Every structure is written in C-alpha cells, then in structure tokens.
**Student:** 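One structure, as structure tokens, below. Some questions next.
Residue numbers start at 1 and run along the sequence shown. Since this is a predicted model, take the numbers as computed values, not measurements.
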Amino acid sequence: MVEMFIKRKVLSLVISIFFVLLGILAIFQLPITQFPDIVPPSVTVQAKYTGANAEVSAQAVALPLERAINGVPGMTYMSTVTSNDGLTLIQVFFEVGTDPDV
C-alpha cells in the first residue's frame with residue numbers, strides 16, 4: 001500500500017489537499033460554544049506607599065481602595081496582597097463577557 005503512494009505522487013497530493021480542506025471547513029463549522037471564554041477578565045491595581053510596612057499599607061492604602069472598588073458592575077470578587085515594602089496589589093475579577101476597559 002505504501003508503494004502505491006510512492007508511485008502515484010499526484011494521488012497522495014490530492015488526498016493530502018482533501019484532508020487539509022476538510023479540516024479548514026470543519027474548523028469554521030464548529031459552533032462558538034466549542035471555544036468558550038474560560039478565563040474571566042481581571043484588572044490589577046498597584047499602589048506603593050514608600051516606607052510603610054504591610055499593616056500600615058493595608059490600613060492606609062488597601063482599605064480605602066477596596067471600599068472604592070467594591071460594587072463595580074460585573075465584579076465577582078477581588079484579592080488583595082500587601083507586602084512589607086509598602087506595595088499593595090489588588091486584583092479585581094469580573095464576570096465573563098464584562099469589558100474590563102469600562
């Protein structure tokens with residue numbers, strides 16, 4: 001059988017092109033539910049309070065920012081991290097389909 005494809009190069013080329021075209025048609029015919037948005041959009045807020053430790057940074061920076069961010073339309077949850085060098089990172093996660101630029 002392998003000898004047939006070696007001797008008839010045009011046949012093997014036509015079969016290969018047929019499979020490629022069939023694959024291209026199949027990928028465009030797949031419904032959109034086959035490619036769902038898996039990762040929810042998120043926004044990261046970074047603030048630096050030079051000279052502050054984690055406790056001061058949490059009280060002076062993170063708490064007011066969390067209060068201001070809380071209740072944004074489409075928000076599911078947020079995560080806050082403060083470090084001892086005065087760095088505060090707040091990551092806000094939104095529902096799938098929400099435009100994070102808004």
**Student:** Give, for atom OG1 of T44 and atom CD of Q91, the distance between the pair rounded to the nearest 0.5 Å.
**Tutor:**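 T44 OG1 to Q91 CD: 4.0 Å, rounded to 0.5 Å.
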**Student:** What distance separates L89 CG from S79 OG, expressed to the nearest 0.5 Å?
**Tutor:** 9.0 Å
**Student:** Side-chain contact test, heavy atoms from C-beta onward, threshold under 4.5 Å: evaluate it for L63 versus Q59 and give yes or no.
**Tutor:**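 In short, these two side chains touch, coming nearer than 4.5 Å.
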**Student:** Should I17 and V14 be regarded as members of a common hydrophobic cluster, given that ILVMFWY residues are connected when their side-chain heavy atoms come within less than 4.5 Å of each other, either directly or indirectly?
**Tutor:**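 Result: no, two separate clusters.
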**Student:** List, by chain and number, the other hydrophobic cluster members for V92, where Ile, Leu, Val, Met, Phe, Trp and Tyr join if side-chain heavy atoms come within less than 4.5 Å, directly or indirectly.
**Tutor:** V43, V45, Y49, V56, V61, L65, I69, V72, M75, M78, I90, F94
**Student:** Just to verify, what does Y77 make a ring-ring contact (aromatic ring centres under 6.0 Å, His included) with, not counting sequence neighbours?
**Tutor:** F93
**Student:** Ignoring hydrogens and angles, tell me if any N or O in the side chain of N84 forms a donor-acceptor pair with the backbone of A54 under 3.5 Å.
**Tutor:** yes
**Student:** Quick one: closest heavy-atom pair of A62 and T88, and the distance?
**Tutor:**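 Shortest heavy-atom contact: CB-CG2, 3.8 Å.
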**Student:** Does any N or O in the side chain of S57 come within less than 3.5 Å of the main-chain N or O of N53, such that one atom is a donor and the other an acceptor?
**Tutor:**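 Such a contact is absent between S57 side chain and N53 backbone.
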**Student:** Taking side-chain contact (heavy atoms from CB on, under 4.5 Å) as the definition, give me every residue that meets it alongside A58, ordered by chain and number, with sequence neighbours left out.
**Tutor:** T82
**Student:** Between D85 and K48, which heavy-atom pair has the shortest distance, and what is it?
**Tutor:**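 Between these two residues, the closest heavy atoms are O-NZ, 3.5 Å.
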